[in-house]
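Since the structure is predicted, the reported quantities are computational estimates derived from the model, not experimental observations.
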Amino acid sequence: MPEGPEIRRAADSLETAIKGKPLTDVWFAFPQLKPFESRLIGERVTHVETRGKALLTHFSNQLTLYSHNQLYGVWRVVETGQEPQTTRVLRVKLQTAEKTILLYSASDIEMLMPEQLATHSFLQRVGPDVLDLSLTAEDVKARLLSAKFRNRQFSGLLLDQAFLAGLGNYLRVEILWEVGLAPQHKASQLTDLQLDALAHALLAIPRLSYNTRGVVNDNKHHGALFRFKVFHRAGKKCERCGGKIEKTTLSSRPFYWCPGCQV
């Protein structure tokens with residue numbers, strides 16, 4: 001399943017395609033959304049917001065389309081008039097004169113009024129987004145030490161969207177390796193230095209992944225690129241200590257770590 005950085009990059013591509021341009025055609029598959037088709041013609045997408053793995057497509061008439069891709073949903077950007085060859089089921093079409101964005105296969109789709117944004121069950125549950133630049137390491141440290149999260153093992157906590165939205169399995173693996181912590185630890189067991197390191201990594205690694213993953217940088221001395229240090233590297237040598245990376249299953253997801261330096 002895509003994690004926060006991949007969802008944010010998808011949102012960026014949707015914004016690039018149609019943001020600020022009048023909608024010339026709107027189509028929804030679900031009957032409860034049909035009344036909104038005519039209300040959106042001529043309106044504009046003002047911005048596409050991410051809340052972890054959910055997308056909020058905001059329109060100029062104050063309506064917001066909530067969508068969560070879950071396992072199978074996917075957005076596509078096409079030239080207006082094109083019809084992609086796919087076996088996926090179309091759920092949403094937002095068309096402008098030049099570009100059209102299409103949502104396939106998703107089932108969790110709603111149209112929200114402004115007041116509903118504040119009371120939506122998923123949006124109420126989800127924690128702050130790791131890609132929200134207003135979120136600081138101090139904020140994250142406070143959440144780690146809060147009564148709700150301080151005694152949760154990191155193996156489960158770092159997959160819980162109520163803790164921080166946008167984290168997922170590969171980020172869980174890479175963050176814990178970066179700070180040298182085993183997955184069974186809890187925030188209540190850490191020193192202040194460990195807490196600071198973890199709080200910074202919980203923001204820095206997702207943001208590095210968002211900014212650079214998939215980008216080829218020929219100048220190796222200019223900035224850092226995101227690459228997996230342990231994820232999908234079972235049996236290979238740990239870059240930090242030379243030990244062997246191992247694989248197990250934690251919280252029903254594959255987990256990779258180095259027993260030599262994650263203690």
Side-chain angles (χ1 to χ4, degrees), residues 1-20 45-58 64-77 101 103 106 122-123 125-141 143-144 154 157-179 181 196-233 239 253-256:
M1 179 185 289
E3 301 182 21
E6 291 73 44
I7 299 296
R8 184 60 251 175
R9 282 196 295 272
D12 291 346
S13 70
L14 301 181
E15 282 192 341
T16 298
I18 69 168
K19 179 180 176 180
V45 171
T46 60
H47 62 293
V48 181
E49 180 184 359
T50 55
R51 299 278 187 93
K53 300 174 187 180
L55 257 64
L56 299 173
T57 304
H58 297 282
T64 297
L65 181 69
Y66 166 91
S67 61
H68 196 300
N69 285 4
Q70 298 175 314
L71 287 176
Y72 304 111
V74 61
W75 283 95
R76 293 281 183 261
V77 177
I101 63 173
L103 176 57
F122 176 84
L123 300 177
R125 262 193 336 269
V126 75
D129 195 296
V130 290
L131 297 178
D132 179 351
L133 295 182
S134 69
L135 183 67
T136 67
E138 289 72 26
D139 297 329
V140 173
K141 185 176 178 181
R143 289 185 74 76
L144 282 166
F154 295 140
L157 179 65
L158 270 57
L159 296 177
D160 186 351
Q161 299 299 289
F163 170 55
L164 289 175
L167 296 179
N169 195 42
Y170 83 75
L171 289 172
R172 168 182 74 156
V173 165
E174 295 297 320
I175 287 165
L176 290 177
W177 181 86
E178 180 68 23
V179 294
L181 290 173
D196 285 338
L198 178 57
H200 280 88
L202 282 162
L203 296 181
I205 290 179
R207 291 171 183 180
L208 180 62
S209 178
Y210 164 66
N211 286 321
T212 68
R213 194 171 181 215
V215 175
V216 176
N217 185 350
D218 293 327
N219 181 358
K220 294 184 175 63
H221 300 290
H222 180 68
L225 290 180
F226 181 84
R227 61 186 182 83
F228 293 141
K229 302 295 183 68
V230 280
F231 189 68
H232 281 170
R233 299 192 72 242
E239 294 182 9
R253 305 293 298 279
F255 185 84
Y256 302 82

Rounded to the nearest 0.5 Å, how far apart are [atom1] of [X] and [atom2] of [Y]?
{"X": "I7", "Y": "L131", "atom1": "CD1", "atom2": "CG", "answer": "10.5 Å"}
{"X": "R227", "Y": "R233", "atom1": "CZ", "atom2": "CZ", "answer": "7.5 Å"}
{"X": "K229", "Y": "E178", "atom1": "NZ", "atom2": "CD", "answer": "6.0 Å"}
{"X": "F154", "Y": "L144", "atom1": "CZ", "atom2": "CG", "answer": "6.0 Å"}
{"X": "Y170", "Y": "E3", "atom1": "OH", "atom2": "CD", "answer": "5.0 Å"}
{"X": "L158", "Y": "L181", "atom1": "CG", "atom2": "CG", "answer": "10.0 Å"}

Which atom pair, heavy atoms only, marks the closest approach of [X] to [Y]?
{"X": "A165", "Y": "V126", "result": "CB-CG2, 3.3 Å"}
{"X": "R51", "Y": "L56", "result": "CG-CD1, 3.8 Å"}
{"X": "Y66", "Y": "L123", "result": "CE1-CD2, 4.2 Å"}
{"X": "I101", "Y": "A17", "result": "CG2-CB, 4.1 Å"}
{"X": "L159", "Y": "G168", "result": "CD2-C, 3.6 Å"}
{"X": "R8", "Y": "Y210", "result": "CG-CE1, 3.3 Å"}

Within the 4.5 Å heavy-atom criterion, are [X] and [Y] side-chain neighbours or not?
{"X": "W75", "Y": "S67", "answer": "yes"}
{"X": "L135", "Y": "V140", "answer": "yes"}
{"X": "P254", "Y": "V173", "answer": "no"}

So, [X] side chain and [Y] main chain: donor-acceptor pair closer than 3.5 Å or not?
{"X": "D129", "Y": "G166", "value": "no"}
{"X": "R143", "Y": "F163", "value": "yes"}
{"X": "R207", "Y": "D132", "value": "yes"}
{"X": "E15", "Y": "V48", "value": "yes"}
{"X": "S209", "Y": "I205", "value": "no"}

Is it true that E138 and K141 make a salt bridge, defined as a side-chain N closer than 4.0 Å to a carboxylate O?
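Result for this pair is no, no salt bridge flagged.
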Passing option when L55 is tested against L103, T64, T50, L65 for side chain to side chain contact (heavy atoms under 4.5 Å, CB included):
T50
Between F228 and F231, what is the ring plane arrangement, given parallel below 30°, perpendicular above 60°, and tilted in between?
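The arrangement is perpendicular - the two ring planes meet at more than 60°.
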Derivation and outcome, side-chain contact (heavy atoms from CB on, under 4.5 Å), residues Q161 and R125
CA-CA 8 Å; Q161 299 299 289; R125 262 193 336 269; over 6 Å; no
